[in-house]
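Here is the structure we will look at, set down as structure tokens.
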Amino acid sequence: MSERSETWMSETAVALPAPVVEMIGVRRFFPGPPEVQAIREVDLTIGQGEYLSIVGPSGSGKSTLLHLLGLLDNPTGGVYRLDGVDTMSLRERRRAVLRGERIGFVFQSFHLLDHRTVLENVALSMVYVGVPRRERMARARVALQRVGLAHRMDFAPTTLSGGERQRVAIARALVAEPSLLLADEPTGNLDSANAEAILEVFDELHHEGMTLAVITHDDHVSSRAQRQVRIVDGTLQW
Amino acid sequence: MAARPTRLILTTLGTVLGIAALVATVGLGQTASGQITQRFDLAAATRVVVQPEEKGGQEGEAATQLPWDAPDRIQRLNGVDAAGTVSTLDVGDDLVRSVAALDGQKDGHALKVMAGSAGLFDAVRAVLRTGRFFDAGHDRRADKVVVLGKHAASRLGVNRVDSQPAVFIGDEPYTVIGILDSVSGRAELNDAVIMPNGTAKTAYDLESPDAVEIRTQVGAAQLIAGQAPIAIQPNDPSTLNVDAPPKQGAVRKGVESDLNALFLLLGAVALLVGGLGIANVTLLSVLERISEIGLRRALGAARRHVAIQFLVESVIVGFLGGLLGTAVGVLLTVGVSWVRDWTPILDNRLAFGSPLLGAFIGLVAGTYPAWKASAIQPITALRGT
């Protein structure tokens, strides 16, 4: 991709409503030997309110793509703009802030802190964004009501079912009001009934205008999204 | 941290032991050296002697005479435990012997003959080997009784008093009523034959006491030294000389610093072990909580947030250990002192500084694990289950 076309695209980004995610020629190579080209030349745009699924077999590079999208990892090359902010030039501290403010994560294995209550787990995602404690608790309660877990607020996560835990994780991802909800195999550890409940939560969020990117190897999960992209050997196929 | 109370306790254990060792060893060191010096000094530190200004006045006489009631006057001062007069008698050529002299016989011992008030023995901490001291009654009646110093007794061959043995000073017989085992301060009493003042006045025309021996309460010696001349001689206190112990000396300081250097070294080694313990467990906790670290990074925590979290935890662990260790150390010091019947001595700075030292050790020990935690990449942390 030439420098000239990059300039052209950033100019249009000012004119049109900026997409949430804008990846141009993004690469991620892991130095070897042997060098692993996990992501080669990915161009991806996710507009506001879009519900996108990225599907691919294991080893296809989809986890690496998720980490790049979530600012958990740095591309080897290319351009990545999140909410119009060029993330390539940011220092680590600034990236952490951006990550906390703009991205909500939902993981396959939930990643809840076992020794905190459900409410505290949800409130945790606002700690590093600088929300005062009282407001954190209030917002966490609202988020838990939204995912239907108001009655579980003071429980330990270990006492919840897998589906409930994933809903706690979703509440945690939503409570800081991110621009993008990134889900990595969100139903991978769930039975089909619970998986269905989670997908319904995603549908609702989509209708409310949330931007979602779900990464999965499951075609059924993928089919619920508004738009699907397939990733094979580190490149996207439309 | 709070999630694993057992481990928290075990982690602090090293610091607890280290700080406790430090506090207890320093505390016991201070206490013990305090006791040693106290024992060395006790007799000397409580002894005050008052005597007239040296002879050398216009007529080559003592500048003044001590009154006979000097011990009574001294006894009224607050802080005096005992007081008594002591005098050396001029017995001319009189020898002391334990059997009556035959005509012209000149053998015998040239022993020192002294006189004292009844309070003298208490004032010089005299301990009896056998018999009794003379009392105010003997003094008043001028009874011909004597108490023998231990060396005097052995030279005279007197070692029992139950048969009321007599010794002769010149040709006069005196009944031996007691034999001394030890005295402190005025060692010449060990070599002397001691009679009551009243007897000495009659037999040797003793005009006034040579000196007043005073035993004060601990710590009162300086005060009594100032008050005694005025109490004895209110009109002219400057004509009296006072011997009083100097202030607590430099000897004690030397002993303390020697002991403490050793004890501090022991405590420092224990603390090093405690610090390594904290570092070790914090590192373990970092490894265990990799996924939590990853999650926090995903939620917007910068590297420094993660580092601070672990640092704060290790500082708290160190502080708790320091607090507990200080308590244990103080209890140990007090407990050992109680058992040994010592006065516990502990520097306040040590008691208040030790928990802070614990926190500092936690800070140092937590630095490497905290750095390690902050260097963890969120992607590694979130991978897997």
Side-chain angles (χ1 to χ4, degrees), chain A residues 28 30 38 58 63-74 90-116 120-131 136 156-158 169 172-173 175-176 178 182 184-185 188-189, chain B residues 1-12 281-317 320 366-385:
Chain A
R28 180 65 171 109
F30 294 101
S58 58
S63 285
T64 308
L65 183 59
L66 170 103
H67 293 142
L68 293 174
L69 281 169
L71 297 175
L72 293 172
D73 194 9
N74 281 318
L90 295 181
R91 303 179 54 141
E92 167 57 31
R93 187 177 294 188
R94 190 63 206 126
R95 288 166 61 85
V97 171
L98 197 64
R99 184 162 64 226
E101 286 175 352
R102 306 289 171 91
I103 296 173
F105 287 94
V106 176
F107 305 99
Q108 176 175 3
S109 50
F110 324 134
H111 285 302
L112 300 177
L113 301 184
D114 290 346
H115 301 289
R116 306 290 185 93
E120 286 168 339
N121 264 287
V122 174
L124 185 69
S125 69
M126 289 174 285
V127 169
Y128 300 107
V129 183
V131 178
R136 285 208 297 270
T158 44
R172 181 180 62 194
V175 75
L182 266 182
D184 182 16
E185 299 281 9
N189 283 3
Chain B
M1 176 170 64
R4 295 176 175 273
T6 323
R7 180 190 287 182
L8 176 66
I9 291 167
L10 286 176
T11 311
T12 56
V281 175
T282 311
L283 206 55
L284 188 65
S285 146
V286 168
L287 294 179
E288 273 183 358
R289 288 159 65 183
I290 280 183
S291 81
E292 179 190 332
I293 294 166
L295 172 73
R296 286 176 183 272
R297 294 295 300 279
L299 294 179
R303 291 184 54 160
R304 75 196 150 95
H305 289 121
V306 174
I308 287 169
Q309 181 188 347
F310 281 94
L311 264 189
V312 166
E313 286 188 14
S314 67
V315 166
I316 290 175
V317 169
L320 281 177
T367 304
Y368 175 69
W371 174 79
K372 195 89 176 156
S374 73
I376 287 172
Q377 286 298 317
I379 44 170
T380 7
L382 293 169
R383 201 167 281 158
T385 53

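The chains referred to below are lettered A, B, ... by the order of the sequence lines, with proteins before strands, and numbering in each begins at 1.
In this structure a side-chain-to-backbone donor-acceptor pair under 3.5 Å is present from A:R99 to B:R297.
Here the straight-line distance linking atom CZ of B:R304 with atom CD of A:E92 works out to 11.0 Å at 0.5 Å rounding.
Just one residue in the list A:L124, A:L113, A:L112, A:D114 forms a side-chain contact (heavy atoms from CB on, under 4.5 Å) with B:E292, and that residue is A:L113.
Highest contact tally toward chain B, considering only A:A176, A:P178, A:A96, A:A173, is held by A:A96 [criterion: heavy-atom pairs under 4.5 Å]. Of the listed residues (A:E101, A:M126, A:R172), the one with the most heavy-atom contacts under 4.5 Å to chain B is A:R172.
B:L295 and A:H111 get closest at one heavy-atom pair: CD2-O, 3.2 Å. When all heavy atoms are compared, the tightest approach of B:A298 to A:L72 is CA-CD2, 4.0 Å.
Annotation: side chain of A:V127 is not in contact with side chain of B:R296 (no heavy-atom distance under 4.5 Å).
Looking at A:R102, there are no atoms closer than 4.5 Å to chain B (heavy atoms on both sides), in backbone or side chain. Using a 4.5 Å cut-off between heavy atoms, A:R95 does not touch chain B at all.
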